[in-house]
Amino acid sequence: MSSAPPRSPTPRAPKMKKDESFLGKLGGTLARKKKTREVTDLQEEGKSAINSPMAPALVDIHPEDTQLEENEERTMIDPTSREDPKFKELVKVLLDWINDVLAEERIIVKQLEEDLYDGQVLQKLLEKLAHCKLNVAEVTQSEIGQKQKLQTVLEAVQDLLRPHGWPLRWNVDSIHGKNLVSILHLLVSLAMHFRAPIHLPEHVTVQVVVVRKREGLLHSSHISEELTTTTELMMGRFERDAFDTLFDHAPDKLNLVKKSLITFVNKHLNKLNLEVTDLETQFADGVYLVLLLGLLEDYFVPLHNFYLTPDSFDQKVHNVAFAFELMLDGGLKKPKARPEDVVNLDLKSTLRVLYTLFTKYKDVE
């Protein structure tokens, strides 16, 4: 974990806070040097195990020369999986999300395994997302202290995720042991629970090498680990509604709903000489959605508040998110859909938003 330099001095900040941050950073650096050597050693052992999966690995190595105890088991991601573009994208999206959430804390995460294992960043991340304060020590230099902090953080995560019934594919030892697969499972679950404003790549699967020491020798096996499925399935863990039923069991009625919504939106957009023929694509950049809300509530939306000709994913998400804010201002509930789902041409999400508007404004002339 690195700390970005402050933009300007803050006289009110007590000096002790800076000292604690420095000590925490120093302690973390010393601990990480040892951890880095252990992980490097394990990776070398794992590579050898990959190269000879049908035979005991490293037959000439003695137990005291390795970082694994007898019958101990560790896992690592197959190097080929690490190079997979979708895997790299998943890591980048999660890194960017964490750094965005923690920007005010002046925390910059550069590497998930190295910066999240000791619980410090995870604590700050959860506190920001859940708007809570965890009762943990700020500076934890010892391994015992780090694991105690992790235990507290992960118990809080479990309390949040338990109502969803999601499987917890991580624990204190795997996170503290810098198991990237466990860390990714944890972050994906947090992103889903808090409906993070990001688009996770779908169907990300990695090959994991399991290395185990038996009688002083390393043996390996390979398993396939699914990190993400589809956005629909992952978000589908939330409550189902009438649109889920329409899509699954009544496609004929779905077409009637689409026609009704097209008639409804065009009744108002035609006032601006605009016309919609495809609900899925024409609302994806948020422009028509913003203009429609202005027409329904009879006000002019200042053009500087949104992008009239968005040319990037982020600009489109901004537009849809802004439209959601206008809906809240108009007394509507927060849409079940995420802005990213609408931008990603998820028809069900777009229909949910438009149907919410239809329900309230269907009689508006």
Side-chain angles (χ1 to χ4, degrees), residues 89 93-94 96-97 100-101 103 129 191-202 228 230-236 238-239 241-244 246-247 257-258 260-262 264-269 271-272 274-362 364:
E89 182 187 357
V93 167
L94 290 171
D96 290 345
W97 171 56
D100 184 56
V101 172
L129 292 171
M192 288 296 98
H193 173 77
F194 289 104
R195 298 193 172 221
I198 56 178
H199 176 58
L200 297 174
E202 299 182 340
T228 66
T230 64
T231 300
E232 179 64 22
L233 283 174
M234 289 187 288
M235 296 306 296
F238 294 90
E239 68 279 1
D241 61 13
F243 278 99
D244 293 303
L246 280 176
F247 271 76
V257 171
K258 289 168 67 174
S260 298
L261 291 177
I262 287 178
F264 164 70
V265 298
N266 282 333
K267 173 184 174 182
H268 299 282
L269 290 176
K271 299 171 187 176
L272 299 177
L274 301 173
E275 185 173 4
V276 170
T277 57
D278 187 343
L279 296 176
E280 184 176 5
T281 60
Q282 290 182 269
F283 282 95
D285 63 7
V287 176
Y288 279 12
L289 196 54
V290 171
L291 296 175
L292 178 61
L293 279 159
L295 291 165
L296 293 171
E297 285 286 346
D298 196 23
Y299 58 71
F300 174 76
V301 182
L303 297 180
H304 66 266
N305 283 336
F306 67 105
Y307 298 94
L308 195 57
T309 55
D311 57 7
S312 70
F313 181 82
D314 288 341
Q315 289 180 0
K316 294 174 184 178
V317 169
H318 169 87
N319 283 354
V320 178
F322 176 59
F324 284 9
E325 290 177 15
L326 296 179
M327 291 174 67
L328 290 173
D329 290 342
L332 294 166
K333 291 183 179 179
K334 182 180 180 180
K336 176 181 176 180
R338 304 179 312 156
E340 293 75 18
D341 299 332
V342 176
V343 176
N344 284 316
L345 306 180
D346 181 66
L347 178 59
K348 193 184 295 185
S349 296
T350 304
L351 292 180
R352 284 190 177 112
V353 175
L354 295 177
Y355 189 74
T356 299
L357 297 178
F358 174 77
T359 302
K360 178 176 182 179
Y361 299 104
K362 61 179 179 293
V364 172

Which heavy atom in N266 sits nearest to a heavy atom in V276, and how many Å separate them? OD1-N, 2.6 Å
Do the rings of F264 and H268 sit parallel, tilted or perpendicular, given the 30° and 60° boundaries? perpendicular
Under 3.5 Å, is there a donor on one side chain and an acceptor on the other for E280 and T350? no
From CZ (F324) to CG (L293), nearest 0.5 Å: 10.0 Å
L354 CG to Y288 OH distance, which is reported to the nearest 0.5 Å: 13.0 Å
Could you check if a side-chain atom of V320 sits within less than 4.5 angstrom of a side-chain atom of K316, using non-hydrogen atoms only? no
Rounded to the nearest 0.5 Å, how far apart are CG of L279 and CG of L345? 12.0 Å
Distance in Å, I262 CD1 paired with K267 NZ, rounded so as to fall on 0.5 Å steps: 16.0 Å
Closest non-hydrogen atoms of G286 and N319, given as atom of the first, atom of the second and distance, are CA-CB, 3.8 Å
Decide if atom CG of D298 counts as having more than 12 heavy atoms of other residues, nucleotides or ligands within a radius under 6.0 Å. no
Less than 4.5 Å apart, any side-chain heavy atom of V265 and any of Q282? no
Locate the shortest heavy-atom distance separating A196 from E340; write the atom from each residue and the value. O-OE1, 4.2 Å
Closer than 3.5 angstrom, by distance alone: can the side chain of K360 be matched with the main-chain N or O of L357 as a donor-acceptor pair? no
Separation between CG (L296) and OH (Y361), nearest 0.5 Å, reads 6.0 Å
Compare all side-chain heavy atoms of K348 with those of D341 and state whether any distance is below 4.5 angstrom. no
Is there a side chain to side chain contact (heavy atoms under 4.5 Å, CB included) between V101 and L129? Walk through the geometry before answering. CA-CA 8 Å; V101 172; L129 292 171; 4.1 Å; yes
Side-chain touch L347/K258, heavy atoms, less than 4.5 angstrom: yes
Of the non-hydrogen atoms in G294 and V301, which two are nearest, and what is the gap between them? CA-CG2, 4.1 Å
For the residue pair H199 and F313, does the interplanar ring angle fall in the parallel (under 30°), tilted (30 to 60°) or perpendicular (over 60°) class? tilted
So, for Q315 and T309, which heavy atoms are closest and what is the spacing to 0.1 Å? OE1-O, 4.3 Å
V287 and L308: which non-hydrogen atoms are nearest, and at how many Å? CG2-O, 3.5 Å
State the CZ-CG distance between F306 and L326, to the nearest 0.5 angstrom. 9.5 Å
